[in-house]
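Remarks on the structure that follows.
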Amino acid sequence: MRSPSRSTLAIWLFTAMLSLSPALHAAEGKVIIVRDCDYVLLDSSQGQILIKMIKGESPKPGDTLSGKLERGFSDLTNQRTGQIMQVWVDLVDRGGSKALMRYGQYCS
């Protein structure tokens with residue numbers, strides 16, 4: 001039996017690394033609080049995430065949003081409607097209390 005060449009192994013390794021890269025996969029967050037305010041609070045595997053709506057239809061509680069959930073501008077897709085919204089990811093809070101407190105400050 002012939003062993004794979006170095007280039008075949010390199011291609012296989014590169015492909016495996018790409019498939020494991022979290023940057024290439026969309027993160028998801030579930031809407032937990034949305035009011036008559038520009039900000040929305042999400043719950044995700046990364047913790048609670050506070051986003052500011054820039055453009056698009058506001059999600060409803062229970063909606064799942066997917067896309068880049070890292071600080072900065074991002075396009076998120078609402079899985080329920082398929083619509084894309086432009087947002088500013090304001091805070092990613094692994095502990096959970098900071099995002100909720102800031103939401104209260106912005107939306108009171």
Side-chain angles (χ1 to χ4, degrees):
M1 183 168 161
R2 201 176 118 192
S3 63
S5 68
R6 283 185 162 208
S7 61
T8 303
L9 286 174
I11 291 170
W12 180 84
L13 182 59
F14 180 72
T15 304
M17 287 176 21
L18 285 178
S19 68
L20 296 175
S21 173
L24 296 177
H25 301 300
E28 290 187 344
K30 188 172 214 162
V31 177
I32 53 176
I33 301 176
V34 61
R35 295 187 197 148
D36 190 20
C37 175
D38 289 339
Y39 287 86
V40 175
L41 191 62
L42 307 176
D43 190 33
S44 78
S45 61
Q46 302 170 30
Q48 289 188 350
I49 299 174
L50 184 63
I51 62 171
K52 181 177 183 180
M53 296 295 300
I54 304 296
K55 186 177 180 183
E57 183 181 326
S58 290
K60 296 181 179 185
D63 283 354
T64 299
L65 308 182
S66 64
K68 187 178 116 187
L69 293 174
E70 299 170 3
R71 189 163 167 78
F73 289 102
S74 184
D75 290 335
L76 301 181
T77 302
N78 186 327
Q79 296 301 311
R80 179 179 58 83
T81 64
Q83 293 194 350
I84 297 173
M85 60 192 76
Q86 294 175 340
V87 303
W88 167 259
V89 179
D90 186 82
L91 177 67
V92 177
D93 180 18
R94 299 200 190 292
S97 59
K98 243 174 143 177
L100 181 59
M101 190 167 59
R102 190 171 295 174
Y103 180 86
Q105 291 171 341
Y106 290 162
C107 297
S108 60

Original post:
Is the shortest heavy-atom distance from the side chain of Leu50 to the side chain of Asp93 under 4.5 Å?
Top reply: no
Original post:
What pair of heavy atoms forms the shortest contact from Cys107 to Tyr39, and how long is it?
Top reply: SG-CB, 3.8 Å
Original post:
About how many Å separate CD of Gln46 and CG of Leu42, when rounded to the nearest 0.5 Å?
Top reply: 10.0 Å
Original post:
Under a 4.5 Å side-chain heavy-atom rule over Ile, Leu, Val, Met, Phe, Trp and Tyr, are Val87 and Val31 clustered together?
Top reply: yes
**OP:** Kindly compute the distance separating CD (Gln83) from CG (Leu76), expressed to the nearest 0.5 Å.
**Re:** 13.0 Å
**OP:** Would you kindly confirm whether Val34 and Leu65 end up in one hydrophobic cluster when ILVMFWY residues are joined by side chain heavy atoms under 4.5 Å apart?
**Re:** yes
Original post:
Salt bridge between Lys52 and Asp90, side-chain N to carboxylate O under 4.0 Å?
Top reply: no
Subject >> Test item: Met85 and Ser58 side chains (from C-beta on) under 4.5 Å apart, heavy atoms >> reply: no
**OP:** Report whether Ile33 and Met53 are members of the same hydrophobic cluster (ILVMFWY, side-chain heavy atoms less than 4.5 Å apart, transitive linking).
**Re:** no
Subject >> Student check: side-chain heavy atoms of Ile49 and Val89 closer than 4.5 Å >> reply: yes
Subject >> Gap separating the OH atom of Tyr103 from the CD1 atom of Ile51, nearest 0.5 angstrom >> reply: 10.5 Å
Original post:
What are the two closest non-hydrogen atoms of Ser66 and Gln79, and how far apart are they?
Top reply: OG-NE2, 2.5 Å
Original post:
Are any of the side-chain heavy atoms of Glu57 and Asn78 separated by less than 4.5 Å?
Top reply: no
Subject >> Spacing of OG belonging to Ser74 relative to CD1 belonging to Ile54, to within rounding of 0.5 Å >> reply: 11.0 Å
**OP:** Using a cut-off of 6.0 Å, state whether more than 12 heavy atoms not belonging to Arg71 lie near its atom CZ.
**Re:** yes
